[in-house]
Structure formats: structure tokens, C-alpha cells
Amino acid sequence: MSKEVAIQAESISKHFGGVQALTDVSFGAGPASIVGLIGPNGSGKSTLFNVLSGFTRPDKGRVLWNGEDITTVPRYRRPRLGLVRTFQERMAFDELTTRENLAFARIQHRLPDISNSALAEQVEYVGLPAHVLDQRARDLSWGQIRLLGIALTLAIEPRILLLDEPFAGLNRIAAQDVTRTLRRLRDDGMGLVVVEHEMDLLLPLCDRVVAFNAGRKVAEGTSSEILRNPDVRAAYFGDT
Amino acid sequence: MSSAVGIAGLPSQLSSRARRRIMAVLPIAVVVLALGIVPFIGVNNRTLNLATTAIILGTAASGLGFMWGQSGQTTIAHASVMGVGAYTAGLVFMRLQVGFGLALILAIVAGGLVSGLISSLSVRVSGHYFVILTFAVAMVITAVERRWEDVTGGVNGMTVLPGDESFLGLRLADRMQFYLLCAIVLTLTLIALQSLTYARWGTTLRGARENRHLAWSLGANVVSNNVRVGVVAGLVAGAAGCMYVFHFRAIEPGQFSVNASIFFILMVLLGGRGYLLGPVLGAIVYTFLPETLFFSPILSQIALGAILIIIILLLPSGLLSLGARIRDHRRAKSAAQASAIGQEGA
């Protein structure tokens, strides 16, 4: 995995009707690190994700991939660069089996079919048992769906992974599985950008945290620096 | 083409690849057997005509079934596209004096082109808007067929006489031989659709049908794929249109109206849109059922409507889902019994 790979957002602004969702936001993430994006609802985290992944075109600013401008690159082409995102909602094709779900991901990248044992390794890597390969996704638990979502993105070998609330709706044990997987991915060299409301799960995981409020970046630093930042405390925790 | 439903019924000692192969070939074998038996059972002319009609309608409905079943989008312009195929074949055969083979190819190409155009216009919207847009296009096509009298014959329609024309050694004017030709077209259509379903593209389509956002995020171009599905449905409708005009030998715009498209949707629903043979079965029921109801034509239509409503309400996934329904019911029953025994034991 190349060390140079990095995603950068330069002075991004975006409005929807009368709402200014993002104002002059700059942000970057590189390999082998976990960056957390925090902020209250409506602070612009998801809009930034949509801009980075090509689901939303910014009004102003640029998105750079390894220094190359990809602002106008269509959303379906960005995964081919190595930039992949997840969603808050169900990350699976319900009527397909786990095996077919993984095949879907590989097909889009013209990757060849892989053996049963390699498929089993893929699901076991994220903490799923191999026997789910022939189960339809609709029959998996919510926690397993979350893990399958990560396995799907890994099947196309991303270099930067954008994770939208990976802990949403998970119990403690399932959340620990996801935490373990994310740490392992970081240790294997992948860059992770995580939007999450569960502070107690997110902050210990992050190498760096970026805080947003009302569409602006208000702070950036390590987890402990962010927790001490008065602007963050005011915006996120309501401290005055 | 819900493979998992069928696969579940096969012996578990077979490998999943072997089971997939059997499930891919089995429906085609059933069709070949069923179609091939007709010449040997001595059917009368009326039944043979009905069987030919059912095969042609089943061919067209299979295109719609593929589009609907694989991509989740349906269209109210399918009969219009079939009409484009029918008029194209009729025109080039009668006016340009081309052979049947070329007429068939041109009808297929015309159907694919028009359907691709409709899909590329409609595919950027989804759900009801998609259907309404295809409805509008269908109205335009019918209006053109009615008004462009010099070419289409307007409301009076067009007559096509096959004369001595033969194709693949089969005479078009001979009812039995034409039936066999239609059976070949249906079989080839089903083989093509089944191959696409089991190909990597089929997995892409079904995934995008299930979760568009996820499909986009994993690198699928959902819009382009849906346009291509529209093209495939159109190619099939074009072929069916060509067979239709040589079967009925006279066509007029009303035969390819929005009403006709709704009947195609009914056929797919009736048989089961998740199954390769669903639309064919739907077309057979739709064609033969009124003949078995010995009422006046109007009463037959009412009875047909009522029967269709009952079937669709009782089996919303179509007639072919009956086996899966029974299997699911048995499994649920045995699971409940096992649970009851477990509770007694505790």
C-alpha cells in the first residue's frame, strides 16, 4: 500500500437552498491513520463525506486525490482510484448471498473470481464466520451486516475508506468487533476517515480528530486535545 | 431467476457450482421439451394458433421480465417497442422486399435502439416517475403509428403476407413450421436471458436493484447498467414484434398501445417476475384461460380479470413461487414443531 496516497478537500463550500452546509472547509487524510469527524447533527460531516465520495458536487473548492483534482470524477469511478465509502444505512444487497455480495464488489473492479478459501478469509478478516457465505444478507444480524459492509469495501482493496457511523445500532460486543477490524485495517496501512456520534468508541480509536459546527471546521487535533478544546465543548457538548 | 429458490430444492451433496449449472439449464430444458411435444400430439389449427400467440407474447414478456426482475424497473412502453419491431419487420419485408432473416435482425435492432432511447430518457428518474415517463413515450409512439399513414398505414394498419418465404428451412406460411420457428426464437431468447442472468452482469444488476447507493459506492454505474437492461428488453421485444406481424399478418397501432403493455406487466406478475419462465407461463395462462371459460367474450374478459386478481393476491410473487411458498410453509411448520418439542423437554 503506497504511503503517498492521500485525500484532500480544499476550501469546500456547499449550500442546499438557503442552508449553508459547508463553508470553506479544508481537510486531509492519509494512509495508516484513523481520522475521526465529529460534530452535532447538521454540522456538515455527512455533506463532506458526500463531496469526497462524489455523491455531491461542491459549489466551491476542490477534492484532490494524491494531488490530482478529482472534483468532477463521477462517484462510480472513485472506488476504482481506491477511495471507497460506506453508508449509515444497510450496507448489503439483501437478496444476494454473502458470496454474491462480495462478487458484486469484485465485478465492478474487473477482479477475477476467487476461491472459496480466499472468500472465507475475507469474511473472517472482518470477524464474520465463513458459514455466512451462502446465507442471504437479509438473514444476517445487524452487527453482521455492518461487518459485511466493511468486507464489501475491502473486497475492492481501497486505500482510503470513508466510514459513515460504523457503530450505529450495534451492541457492545458487535462494536468491539468493528473496533478491532478498524484497528487492524489501519495497522495494515489503510487510511480511515470515520464519522461517528459514539464518542466513547470513536475517540480512543482515532489518531486525529476534526470537529465541525454549523458547516465549519472548528478544531483539529488528537482526541485529548479535541476534548479540551473550548469551541468543541461549546458546540458539541453544550459547555459555555 | 431467483436462483437460490431453486437451488434450495436440490440435493445438498451437489457443489454450489453444479447446482447453479443445473438451475441454469433446467428451465431451458423444460421449455424445449414442452414446445417440442406440440407437433407430436396432433393439435388442431385453433390450438396451434393460440400456442403460437402464447409463445410470441411469452417471448416479449420475457424481455420485460428480465428488465423488471433483474433491475427492478418496469415500463409501460414495452408493447410500443414490440410494435416498433413489428412495423420495422413488416415495412422492410413488404416494401424493401428483404428476406425474413434480415427483417428479423432489423426488427431486433430497431427494438433495442428505441428501448435504449426510452431508458436513457427515463433512467435518471426512479420509481413512479420512471413509469410515467415510459407511459408518455408509449403515447407518443402510438400517436406516430396512427398519424404517419404513408409508412404505417395509420389506423387501418399494415398487412404482411409471407408468401413462399422460408427461414432455417421452415416455411412461414405453414402454421406448424411457423410455430416451430417461434419456438426456436423463444428458446434462443431464454438461453440469452439466462446467460445474462448467470453472468457477472446479472449479479451487478441484482445488486443495484437491491441497493442503488451501495452499488454506486462500490463502483457500479447504475444509470448505464439500467440503460443496457432497457436495450436488452427492447431487443427481445423487437424479435417478438417481428414474429407477431408474421403470425397475425395484419397489425394496427391499437395492438401495441399502453393497454397491451399493461397486459405484458400482468403476464410477468402472473407467472413470477423473479423466474426465467414466469413471463412465459403468464403468457400461456393469459392466452389460453379465456378459451377455457365458456362465456361470452365480455364475460370471459371479466372472469379473466377476476382470476388474475385472485392469483396475484394469493401468490404475489407469481404462479412459479408456489413451490417455494409450500417449502417455506413446511419449514416454518417443522421449526415450530421442533421449538414446541424443545419447550416440552425443558
Side-chain angles (χ1 to χ4, degrees), chain A residues 49-50 52-55 74-97 99-113 115-116 119 133-139 145 148-149 151-158 161-164, chain B residues 1-8 10 12-20 23 68-72 123-124 196-228 272-275 317 321 324 328 331-332 335:
Chain A
F49 251 41
N50 288 337
L52 293 175
S53 55
F55 277 72
R75 54 187 156 175
Y76 67 90
R77 290 240 170 96
R78 298 193 190 198
R80 293 174 200 176
L81 301 172
L83 176 64
V84 182
R85 70 164 296 175
T86 69
F87 292 91
Q88 289 175 29
E89 59 259 35
R90 221 172 156 78
M91 278 286 293
F93 304 114
D94 278 352
E95 289 302 315
L96 306 191
T97 62
R99 184 190 301 278
E100 289 171 324
N101 269 269
L102 292 166
F104 181 99
R106 296 184 67 80
I107 288 166
Q108 308 318 315
H109 298 264
R110 296 184 177 87
L111 297 169
D113 291 335
S115 65
N116 265 338
L119 275 171
L133 277 174
D134 288 316
Q135 271 181 272
R136 285 201 206 195
R138 69 169 182 208
D139 297 327
I145 287 289
L148 174 58
L152 283 183
T153 58
L154 297 185
I156 53 180
E157 299 161 11
L161 183 55
L162 310 174
L163 292 150
D164 200 352
Chain B
M1 297 158 228
S2 171
S3 52
V5 173
I7 286 170
L10 290 166
S12 56
Q13 59 267 35
L14 287 173
S15 73
S16 89
R17 183 169 290 185
R19 280 191 275 176
R20 270 175 70 85
M23 285 312 298
W68 199 358
Q70 299 298 307
S71 75
V123 84
R124 282 164 209 288
L196 290 173
T197 302
Y198 278 82
R200 293 180 129 211
W201 189 48
T203 307
T204 296
L205 292 176
R206 287 192 297 281
R209 176 195 68 194
E210 294 294 313
N211 192 333
R212 281 169 75 96
H213 280 311
L214 179 57
W216 279 117
S217 76
L218 292 174
N221 186 344
V222 177
V223 167
S224 151
N225 279 318
N226 284 350
V227 171
R228 283 192 273 161
R273 71 184 166 113
Y275 302 87
S317 299
S321 70
D328 287 349
R331 271 190 201 147

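Lettering of chains follows the sequences in order, A, B, ..., and the numbering in each one begins at 1. Everything quoted here is computed from the prediction, not taken from an experiment. Excluded from the calculations below are hydrogen atoms, water molecules and symmetry mates; all remaining heavy atoms, backbone and side chain alike, are included.
In this structure, B/Arg206 contributes its side chain and A/Leu96 its backbone to no donor-acceptor pair below 3.5 Å.
The closest side-chain heavy-atom distance from B/Asn211 to A/Glu89 is not below 4.5 Å. Considering only heavy atoms from C-beta on, B/Ser217 comes within 4.5 Å of A/Phe55 through its side chain.
Heavy-atom distances place the side chain of A/Arg80, and not its backbone, under 4.5 Å from chain B. Interface remark: A/Ile156 contributes side-chain atoms only to the contact with chain B (heavy atom separation under 4.5 Å). Heavy-atom distances place both the backbone and the side chain of A/Phe104 under 4.5 Å from chain B. With a 4.5 Å cut-off on non-hydrogen atoms, A/Arg138 does not touch chain B at all.
For the atom pair CZ of A/Arg90 and CD of B/Glu210, the computed distance is 10.0 Å after rounding to the nearest 0.5 Å. With rounding to the nearest 0.5 Å, the separation of CZ in A/Arg75 from CG in B/Leu218 is 13.0 Å.
Pairing each heavy atom of A/Pro79 with each of B/Gly219, the nearest pair is CG-N, 3.6 Å. When all heavy atoms are compared, the tightest approach of B/Thr204 to A/Gln108 is OG1-NE2, 2.9 Å.
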- Message: Under the criterion side chain to side chain contact (heavy atoms under 4.5 Å, CB included), I'd like the reasoning laid out for A/Tyr76 against B/Asn225: C-alpha separation, chi angles, the key distance, then a yes or no.
- Response: CA-CA 12 Å; A/Tyr76 67 90; B/Asn225 279 318; over 6 Å; no
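In this structure A/Thr153 satisfies the side chain to side chain donor-acceptor pair (under 3.5 Å) test with no other residue, sequence neighbours excluded.
Taking A/Leu162, A/Leu111, A/Asn116 one by one and counting their heavy-atom pairs under 4.5 Å with chain B, the maximum is reached by A/Leu111.
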